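Predicted, not measured: the structure shown is a model, and the values here were computed from it.
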Amino acid sequence: MTLLLGIALFVGAGYSLALIFGLSRKNLLHDIALGWFIGAGYYTVVMALLSYEGGVRMNAAVSLSVIILPVLILLLQLKSRLPHLKESWKNTKLTKQSFMRKVNVLDAVIVCYIVLVFLVIIIHGSSTPTNADDALELRAYTPVLVYENDFSESANFLILQNGFWNSFVTVLFWHIGGGVDQFYVNYTILTSLFFFLLLLYFVPATRGNGRQGLYNVFLVLSMPLFIYHSTITYADIRLAMPFALGFLFFSFYVRDSDSKDLNSAILFFIITCLVKSKGLIMGITGLSVCIAYSIFVMVQNREFSPKRVMLYALLIITLSGSIFLQGKYYVPLSEVTGNLSERFTNSSAYEMGVTALQSLVHGEQANGFSSPFTIKFWQFFSSLFYSGNFGILFYVLLAAVLVNMRKIFSTSLFWETLFIAIVMLETYVYMVLLFAINQGPQNIIHRTHLLLAVVSSVYLSSLWSTIKGPQT
């Protein structure tokens, strides 16, 4: 009951905000899934501001007041929103009927696979004790710190490393239930996964392309590492989900220039900034690409929009605030740049790196590397193509880009491909700057490549859809 009530409150708050700010697609299932992420993001930001800036102690009364507020605001506008709600339900039924009328044998097999894998994830993930085996035990520890109103300097370091989203969202369930239950860390991840998969399908489906949505879900659930992370409580999957959804909305924005898609993309990239310390970097990356494309469109069309200028100002403030937190609570920039040359040239570190690589199945191929830079280059790409964690996803991605190169440069796929290239470059640079050379590829896979793989799977579906045309 606690779980269902908590989910209902998050969805209700997010759905209300989606209607108030015009992010609804007039499809009930789409808007409910969107509501979970918006509601959880809203709760995280408000509660963090109250705790850090307002000095308010977190308790059940404060939590419930914050999460119910958007619903109360919507109720004041209920009369004007009723036609919208009726249309949402009607459009939802039409979307389902449109897909079911054209389902074929391959679709049926894919749907059966998706249902089976999802059931396995739910059973395994909901019964696995909260995993807290990393150095700082962040996943299990930081929500407890928030619940106990411990915002000391040492606690802040841990909370910001794990991210506001991971530290605050679970606390609402504990306030409802009246005590700490670590399984709710698992439940919030599984709930996010469920609504993530719904959005992967319904975002394309509401635009008349149900099969792109189906293939989105299939490709994501075909990756062994994604399935594994769905059943444990590592934060990496919680980082990958909002970032991939931000990319999904961005891909539709570059096709149709719908401001709803731009706003939704920005929203999910901001949510990304709330998940893990790495989320700040990835969220900034996504926001930067959105800004760049929006400026490109403004220049191309010779249009000046005051609303867009205000939006860019807001984004700049968000970026500046994120960078400030990065420098204040994480690795200082001076420490990163101070030993930059060692990251690339230190001979002792190089020897350790070669030893680490040669302990792997494909490690013998590391012989002859001339610098730590090439070692990390090999770590990066061997993790993508040889690890087995992502199936054949990156082989398919590489082949698809090479075969469709001309199509990519002549369509909106150029910006989507550029986005993927930037993310790939950013993860490599991040790896070079912040990982010691002797750290093995497993560290890199779990921290960077899962996110890259999820986004790449969404890109592949988009590429297929652009080439084949919308298919319901």
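- For the pair Ile38 and Ala18, the tightest heavy-atom approach, listed with the atom from each and the gap, is CD1-CB, 4.0 Å.
- With Asn209 as the fixed residue, the side chain to side chain donor-acceptor pair (under 3.5 Å) test singles out one of Ser461, Ser462, Ser465: Ser465.
- Side-chain contact between Trp174 and Pro143: present, with at least one pair of heavy atoms (C-beta onward) separated by less than 4.5 Å.
- When all heavy atoms of Asn404 and Ala400 are compared, the pair lying nearest together is ND2-O, 2.8 Å.
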Apply side-chain hydrogen bond (donor to acceptor under 3.5 Å, both in side chains) to Ser24 and Asp31, showing your working.
CA-CA 6 Å; Ser24 168; Asp31 292 345; 2.5 Å; yes
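- The CE atom of Met47 sits 8.5 Å away from atom CG of Leu172, with the distance rounded to the nearest 0.5 Å.
- The distance from the CG atom of Leu198 to the CD1 atom of Ile32 is 9.0 Å, given to the nearest 0.5 Å.
- Side-chain atoms of Tyr187 and Ser126 form no donor-acceptor pair, as typed in the model, at a separation below 3.5 Å.
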Please tabulate, for the side chains in residues 239-250, all donor-acceptor contacts under 3.5 angstrom to protein atoms that are two or more places apart in sequence or on a different chain.
none

Going through the distances and angles, do Met223 and Val454 end up as a side-chain contact (heavy atoms from CB on, under 4.5 Å)?
CA-CA 9 Å; Met223 291 183 287; Val454 175; 4.0 Å; yes
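- The local environment of CD1 in Ile392 is sparse, with at most 12 non-hydrogen atoms from other residues, nucleotides or ligands closer than 6.0 Å.
- Judged by distance alone, with hydrogens and angles left aside, the side-chain atoms of Tyr113 form a donor-acceptor pair with the main-chain N or O of Leu221 at under 3.5 Å.
- Phe164 has its side chain out of reach of Val275: every pair of non-hydrogen atoms, C-beta onward, lies at least 4.5 Å apart.
- Here the straight-line distance linking atom CG of Leu69 with atom CD1 of Ile73 works out to 4.0 Å at 0.5 Å rounding.
- With rounding to the nearest 0.5 Å, the separation of OG1 in Thr170 from CD1 in Ile189 is 8.0 Å.
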Does the side-chain contact (heavy atoms from CB on, under 4.5 Å) test come out yes or no for Tyr253 and Ile266, once each step is laid out?
CA-CA 11 Å; Tyr253 174 64; Ile266 290 171; over 6 Å; no
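- Between atom CD1 of residue Ile237 and atom NE2 of residue His229 there is a gap of 8.0 Å, rounded to the nearest 0.5 Å.
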Kindly indicate, with the supporting measurements, whether the criterion side-chain hydrogen bond (donor to acceptor under 3.5 Å, both in side chains) is fulfilled by Thr417 and Tyr459.
CA-CA 8 Å; Thr417 308; Tyr459 169 80; 2.6 Å; yes
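- Between Leu402 and Met405, the closest side-chain pair of non-hydrogen atoms falls below 4.5 Å.
- The shortest distance between side-chain heavy atoms of Ile408 and Leu463 falls below 4.5 Å.
- Between Tyr184 and Phe173, the two ring planes are parallel [angle under 30°; tilted spans 30° to 60°].
- Contacts of Asp256 classified as salt bridge (charged side-chain N to carboxylate O under 4.0 Å, His left out), with partners at least two apart in sequence or in another chain: none.
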Run the side-chain contact (heavy atoms from CB on, under 4.5 Å) check on Val458 and Tyr215 step by step: do they pass?
CA-CA 8 Å; Val458 175; Tyr215 296 157; over 6 Å; no
Please step through ring-ring contact (aromatic ring centres under 6.0 Å, His included) for the pair Phe10 and Phe195, ending with a clear verdict.
CA-CA 12 Å; Phe10 276 127; Phe195 289 121; over 10 Å; no
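- Side-chain contact annotation: Trp36 with Ser192, donor-acceptor N/O pair under 3.5 Å present.
- Heavy atoms only, all atoms of each residue included: Thr272 and Gly283 are closest at CG2-N, 3.8 Å.
- Using a 4.5 Å cut-off on side-chain heavy atoms (C-beta onward), Phe118 and Phe194 make contact.
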For Asp107 and Arg211: C-alpha separation, side-chain torsions, deciding distance, then whether salt bridge (charged side-chain N to carboxylate O under 4.0 Å, His left out) applies.
CA-CA 8 Å; Asp107 294 333; Arg211 281 201 170 80; 2.5 Å; yes
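- Minimum interatomic distance between Cys290 and Phe269 (heavy atoms only, all atoms of both residues): SG-CE1, 3.6 Å.
- Within the structure, the side-chain hydrogen bond (donor to acceptor under 3.5 Å, both in side chains) test picks out no pair touching residues 3-14 (sequence neighbours left out).
- The pair Asp258-Arg207 does not count as a salt bridge, with every side-chain nitrogen at least 4.0 angstrom from each carboxylate oxygen.
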Show your working on side-chain hydrogen bond (donor to acceptor under 3.5 Å, both in side chains) between Ser63 and Tyr43 and close with a plain yes or no.
CA-CA 8 Å; Ser63 278; Tyr43 175 83; 2.7 Å; yes
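- Across Ile176 and Leu64, no two heavy atoms sit closer than the pair CG1-CD2, 4.3 Å.
- For Tyr42 (side chain) and Val66 (main-chain N/O), a donor-acceptor pair under 3.5 Å exists by modelled atom type.
- Between Lys276 and Asp236 there is a salt bridge, with a side-chain nitrogen of the basic residue lying less than 4.0 Å from a carboxylate oxygen of the acidic one.
- Between Pro70 and Ile20 the shortest heavy-atom distance is O-CD1, 4.1 Å.
- For the pair Val220/Asn216, no side-chain contact is recorded, criterion being any heavy-atom separation below 4.5 Å from C-beta on.
- Residues Ser222 and Leu393 are not in side-chain contact: their nearest non-hydrogen atoms beyond the backbone lie 4.5 Å or more apart.
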Mind running side-chain contact (heavy atoms from CB on, under 4.5 Å) on Tyr15 and Leu28 for me, showing each step along the way?
CA-CA 9 Å; Tyr15 183 67; Leu28 194 59; 3.8 Å; yes
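- With rounding to the nearest 0.5 angstrom, the CZ atom of Phe196 is 9.0 Å from the OG atom of Ser230.
- At least one side-chain heavy atom of Asn27 sits under 4.5 Å from a side-chain heavy atom of Leu29.
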